[in-house]
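Here the structure comes first, spelled out in structure tokens, and everything after it is commentary.
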Amino acid sequence: LRILLTGKNGQLGLELQRCLAALGPVAAFGRAELDLTAPDTIGARIREVRPDVIVNAAAFTAVDRAESEPDLAMAINGTAPGILAKEAKRLGILLVHYSTDYVFDGAKATPYTEEDVPNPINAYGTSKLAGERAIQATGCRHLIFRTSWVYSTRGTNFLLTIQRLAKERREIEVVDDQHGAPTWARDIAAATLRVLGAENVSLGLYHLTASGETTWRGFAKAIVNAAGLPTEIVPISSSQYPTAARRPLNSVLSNEKLSRHHGFRLDSWRDGFARCLSEFRDTA
Ligand SMILES: NC(=O)c1ccc[n+]([C@@H]2O[C@H](COP(=O)([O-])OP(=O)(O)OC[C@H]3O[C@@H](n4cnc5c(N)ncnc54)[C@H](OP(=O)(O)O)[C@@H]3O)[C@@H](O)[C@H]2O)c1
């Protein structure tokens with residue numbers, strides 16, 4: 001398989017670049033070579049590479065900034081996936097895309113399934129939902145994986161932020177009323193490889209997150225404990241930590257459909273986190 005990958009410098013893009021090489025040559029592009037806000041460069045790159053699969057790991061992921069830059073978020077997360085999908089449809093190739101738990105409003109008490117009706121409560125979620133719908137509307141062959149709370153050993157993420165703050169402070173206040181599943185970028189990449197490598201790929205929309213759930217405070221506690229730091233993680237509510245974007249209180253996703261159609265699910269978030277930490281040690 002010849003793969004065209006966008007967003008090669010992002011958390012997920014970096015992992016996919018390495019992981020998908022097992023399937024064939026990966027033509028990987030960062031924003032400088034393939035800018036999703038410039039439709040012409042999208043078509044040009046696709047014509048150059050002539051891929052069998054397009055994997056779109058690029059996105060506008062600054063959730064709070066999306067509130068003040070909704071048009072840019074929509075161009076990258078909403079419009080560009082539709083352009084990739086039109087190209088995929090024209091060429092009869094597969095498009096793999098990633099979406100988010102933030103398409104939901106968080107009012108449900110149990111994990112969200114793919115059947116639940118999205119109702120985003122922030123501009124980022126609205127733009128990501130538009131991207132899903134733009135892809136589906138083209139009728140191209142596609143896989144959309146909704147994931148959540150992505151972290152890795154590189155980039156900008158909660159894990160690295162808490163590790164840094166814990167070294168500087170004796171206590172950190174962290175929100176304890178938002179529930180979700182922290183998911184290691186490498187596990188998402190490995191799952192993508194596993195699905196693409198299967199003989200009969202079952203296409204469509206899938207939730208793909210680590211199993212189990214926690215809160216941001218629960219994740220922060222796991223991070224400081226693993227670092228052996230005495231920093232206290234003080235629970236606060238979302239209302240005590242105002243942000244530009246509202247966030248869903250429950251964004252736990254059910255991975256039942258993935259398990260049914262593809263025969264696997266990701267590890268618990270704690271196991272994924274433990275494996276990610278050993279990666280820090282290996283690269284230290
Ligand atoms: N991060 C999360 O917690 C989270 C949660 C749920 C779902 N997701 C989804 O998972 C996927 C991967 O996210 P991630 O965490 O890997 O994100 P990330 O680390 O922020 O990476 C996104 C990449 O997209 C690139 N990009 C931004 N604007 C672009 C443009 N106009 N043209 C081309 N590339 C552009 C960025 O380039 P620069 O490096 O130049 O900025 C960056 O390398 C995304 O679809 C995201 O919506 C993420």
Side-chain angles (χ1 to χ4, degrees), residues 4-19 28-42 44-46 54-66 69 71-81 83-84 95-104 106 112 118 120 122-132 134-135 142-162 178 180-189 191-192 205-210 216 219 245 247-248 251-253 266 269 272 276:
L4 185 155
L5 173 68
T6 69
K8 71 169 184 180
N9 300 314
Q11 300 190 80
L12 181 56
L14 282 163
E15 298 294 346
L16 283 167
Q17 223 179 123
R18 233 185 33 177
C19 208
F29 299 102
R31 185 202 302 248
E33 308 93 29
L34 196 167
D35 184 347
L36 288 188
T37 61
D40 292 350
T41 65
I42 300 177
R45 290 292 172 247
I46 294 172
I54 299 172
V55 180
N56 180 31
F60 184 109
T61 56
V63 176
D64 289 312
R65 196 148 58 80
E69 296 180 63
D71 294 345
L72 183 59
M74 187 57 84
I76 296 168
N77 294 342
T79 309
I83 299 171
L84 292 171
L95 172 64
V96 181
H97 178 75
Y98 300 89
S99 188
T100 175
D101 51 336
Y102 284 6
V103 297
F104 295 113
Y112 283 93
N122 57 44
Y124 168 75
T126 302
S127 69
K128 293 295 291 183
L129 180 61
E132 291 183 6
I135 291 169
H142 66 264
L143 279 162
I144 300 173
F145 295 116
R146 284 187 189 140
T147 190
S148 69
W149 297 23
V150 179
Y151 64 90
S152 80
T153 57
R154 293 166 290 198
T156 306
N157 61 61
F158 186 81
L159 165 61
L160 299 179
T161 303
I162 295 294
Q178 293 171 22
T183 305
W184 187 19
R186 179 163 307 170
D187 285 345
I188 305 168
T192 304
L205 170 69
Y206 292 94
H207 291 174
L208 172 63
T209 67
W216 289 112
F219 189 24
R247 285 161 171 77
S251 66
V252 180
L253 304 183
L266 298 188
W269 72 267
C276 176

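Order of appearance sets the numbers: ligands from 1, and atoms from 1 within every ligand.
The residue from Q11, K8, R31 that puts a heavy atom closest to atom 38 (P) of ligand 1 is R31. When the heavy atoms of A59, A75, A38 are ranked by distance to atom 25 (C) of ligand 1, first place goes to A59. Taking only non-hydrogen atoms, the option from T156, T61, L253, T147 nearest to atom 18 (P) of ligand 1 is T61.
Protein heavy atom nearest atom 45 (O) of ligand 1, with residue, atom name and distance: K128 NZ, 2.7 Å. Nearest protein heavy-atom contact of atom 34 (N) of ligand 1 is A58 CB, 3.5 Å.
Close approach to T37 involves these atoms of ligand 1, each under 4.0 Å from a residue heavy atom: 31 (N).
Under 4.0 angstrom from ligand 1, there are no non-hydrogen atoms of Y151. Only the side chain of I76 comes within 4.0 Å of ligand 1, judged by heavy-atom distances. Contacts between Y124 and ligand 1, counted as non-hydrogen atom pairs separated by less than 4.0 Å, involve the side chain only. Contacts with ligand 1 closer than 4.0 Å are made by backbone heavy atoms (N, CA, C, O) of L34 only, the side chain lying farther away. Contacts between A185 and ligand 1 below 4.0 angstrom, taking non-hydrogen atoms only, are absent altogether.
The pair R45-D40 does not count as a salt bridge, with every side-chain nitrogen at least 4.0 angstrom from each carboxylate oxygen.
Side-chain contact check for D35 and T41: no donor-acceptor pair (N or O, by modelled atom type) lies under 3.5 Å.
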